[in-house]
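Report on the following structure.
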Amino acid sequence: MKPGLDSAKNIIAIASGKGGVGKSTVTTNLAFALKEKGYSVGVIDGDIYGPSQPGLLGSNERPKAEGGFILPIEKDGVKFISMGVMNTSGKAMIMRAPLAIRALSQFLSGVLWGELDYLLIDLPPGTGDIQLTLAQQARLTGAIVVTTPQRVALEISRNGVDMFRTVNVPILGIVENMSGFSCKSCGETTPIFKTGGGEKLASTEEVAYLGAIPLDPEIMASGDEGVNLITHHKGVGPAKAFMDLADTVIKGQEAAKSDTAEPHSIEVVNGKVQIEWEAGSPKTYETFDLRFACPCANCVDENTGVQILKAEQIATDISVTRHQLVGRYGMAIHFSDGHNTGIYKFSKLKEMESGSRQDSFSV
Ligand code: ADP
């Protein structure tokens with residue numbers, strides 16, 4: 001069994017601009033809905049400071065270790081890991097961001113998941129350092145932004161969309177949570193926090209609208225009690241919205257995967273980068289061209305886009321020592337002159353392969 005993210009076919013981050021919009025609730029119920037549809041599912045609770053997945057999923061079991069790796073906890077067939085089950089001291093997690101990032105890195109690389117169809121990552125709210133690091137290190141195949149319909153939430157949700165765009169993670173779409181209250185007694189739906197804002201935001205941001213989840217006391221109660229809403233309500237009532245959401249997420253993820261420029265394989269052979277964009281037809285890149293096209297701020301002026309690096313500054317015998325993947329969208333190249341700060345986007349490398357010399361790879 002391989003540890004870490006290699007065991008997951010799809011890795012989807014669930015994000016929000018602000019806290020309290022129901023991002024963790026949507027993650028939990030989407031996980032249960034995907035499981036109900038027959039997929040193997042894992043959840044990483046990315047909120048180190050305020051983990052809520054143990055409560056929502058309904059398990060506070062302590063994880064075991066095997067061969068130096070963490071075995072995830074399982075609830076109703078959904079596997080998960082959270083700081084909430086690691087830190088059982090009852091005390092708040094007080095730590096600086098670099099330490100929190102280190103803890104998250106362990107969740108990304110040190111968990112023995114087994115084969116997973118979907119790994120969902122419940123990101124902490126906001127768009128800071130931790131969220132960005134996760135978005136890059138987790139090699140995400142997709143991202144979902146959860147919002148509520150009020151203007152203040154919608155405006156901040158835009159930041160989440162921007163963040164994933166910046167790091168080239170395919171945005172599967174926007175979910176509008178707490179979209180309207182359906183009264184069980186009179187049958188009427190009241191848009192307590194308004195309605196339709198999520199769809200409007202999706203349209204202005206040109207991303208998909210994944211659907212609405214109603215404001216429903218059953219959703220709140222199942223989360224509070226750690227009860228599986230989907231099996232409890234047999235896929236109807238409040239559970240149906242999450243089953244429908246699972247369908248749109250599955251479709252959106254498949255479409256996004258067929259759109260990415262991720263190569264079949266990358267190797268460094270005799271000091272040169274060799275990429276198979278399609279299996280069986282490797283393309284070798286001239287190292288001088290790659291070094292000259294380095295997009296980092298030392299080689300290209302960030303403000304003007306003017307090339308700083310001169311061709312004569314590059315050693316004629318320059319070679320590549322290794323490469324390092326960055327997210328699913330690009331890689332850093334380590335050159336024999338010690339330079340390694342440029343991120344080469346796959347889309348640009350692909351253009352370069354088809355002959356058009358690229359001077360800017362900037363993210
Ligand atoms: P976030 O992860 O965005 O901080 P949570 O998922 O913790 O938000 O949800 C905040 C609160 O709102 C919780 O008490 C949760 O049960 C409740 N909640 C979330 N979504 C709904 C919903 N659709 N209907 C009713 N209550 C909800």
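Counting convention: from 1, in listed order, for ligands and their atoms alike.
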Taking the inter-plane angle between the rings of F288 and F292 on a 0 to 90° scale, is it parallel (under 30°), tilted (30 to 60°) or perpendicular (over 60°)?
parallel
Atom CE of M331 and atom CG of N340: how far apart are they, to the nearest 0.5 Å?
13.0 Å
Residues pairing under salt bridge (Lys or Arg N to Asp or Glu O under 4.0 Å) where one sits in residues 126-141, two or more places apart or in two chains, turn out to be R139-E262
Regarding T141 and Q253, do their side chains bring together a donor and an acceptor under 3.5 Å, going by distance alone?
yes
Let me know which protein residues bring a heavy atom to under 4.0 Å of ligand 1; chain then number is fine for ordering.
G19, G20, V21, G22, K23, S24, T25, N177, M178, I213, P214, L215, D216, I219, M220
Determine, for F346 and K350, whether the Lys NZ or Arg CZ falls below 6.0 Å from the six-membered ring centre while staying within 45 degrees of the axis.
no
Answer yes when R158 and D162 have at least one side-chain N-carboxylate O distance shorter than 4.0 Å, and no when they do not.
no
